[in-house]
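First up is the structure itself, then whatever we jot down about it.
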Amino acid sequence: MRSRTQRAGAAAVDMSVQIGSVCLPAPLMTAAGTAGYGSELSAFMDLSALGAVVVKSLSADEWAGNPAPRVHETPAGMLNSVGLQGPGVAAWREHELPELIETGARVVVSIWGRSVQDYARAAEALQDCPKQVVAVEVNLSCPNLDGGTHLFAHDPVATAQVLQATSQIGLPLWAKLSPNTDRLVEVAAAAQEAGAEAVTLINTVLGMIIDTESRRPLLGGGGGGLSGPAIRPVAVRAIHDVHVALPDLPIVGVGGCATAVDAVELMLAGASAVQIGTANFVQPSSVEQVQDDLRHWCFSHGVPRVSELTGGVKH
Ligand code: SIN
């Protein structure tokens, strides 16, 4: 139970963050793919209190995704092979976006494609979105398409091509990148050069589970992407290395964050804001709880502005 003094002190902490041209009143967001397409989580928390809601990745066209089973719990995490199922941008705009906007949330739309042209079409379908759509997160790093063999984010040139092709939309672009490459810094630099205002680090880690009785892969898609607390050190390292190499490139941190202390760790590594993913499946109100706890953490540690944490790791 917190005292009135603690609550008043925490309320005075400046929680606003700047990500390129986007100013958010708070640093916590849902991670793409863990909070549905619209207002689903509004039953559990006030979505307008978050920095933003990031919706599950959408392509220009409706897409059925991978065969079941699609998720499996692992020690300290989960493996997914959803395969980017989605209704397509136009149907989402018509059926999901209006209700999401009514919650007062700021919206970040995640888009994906199989080709540069696909990404361009998805971006085109987002033209003239309502002002509540504050940014587009370009997902270049899903490991569940075509057996994980085709990740734009493993190639600086392909990454740059996608960002150039989506820049026509005129909304801030955040490039969601992959930890499954030793070229992460190079890819992040290419994304920045091609117009990304920020990078989102990291998507899931390539993984696989085999059912020892049937001797078959347990997930319908074969392999999958590992998320949850197990990958947090991978995220911290990726964020740190990119922040050191490219200090002017804002980073949205994601990967195994489930508590305020986890969020502080990602920010000290270099993140300007933090997304919560797998923890939403454990506790749907996680994002709001982490944000509130982060505010109190700042107060109890004498941090008047949460943005001061960014890149604050000492060497
Ligand atoms: C999926 O839908 O397969 C997950 C999305 C992602 O990892 O980017």
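Small disclaimer: the values here were computed from a predicted structure and weren't measured. Whatever order the structure lists them in is the order used to number ligands and atoms, beginning at 1.
Residues Gly225 and Thr204 approach most closely at CA-OG1, 3.3 Å, considering heavy atoms. Of all the heavy atoms in Val109 and Val133, the pair that sits closest is CG2-CG1, 3.6 Å. Across all non-hydrogen atoms, the minimal contact from Met29 to Ala273 is CE-CB, 3.7 Å.
Counted by atom type alone, Asn280 and Thr278 present zero donor-acceptor pairs between their side chains at under 3.5 Å.
Within 4.0 Å of ligand 1, counting heavy atoms only, the contacting residues are Lys56, Asn80, Val82, Gly83, Leu84, Asn139, Cys142, Pro143, Asn144, Asn203.
To the nearest 0.5 Å, atoms OG1 (Thr74) and CG (Leu218) are separated by 11.5 Å.
Chaining together hydrophobic side chains whose heavy atoms lie under 4.5 Å apart leaves Met1 on its own.
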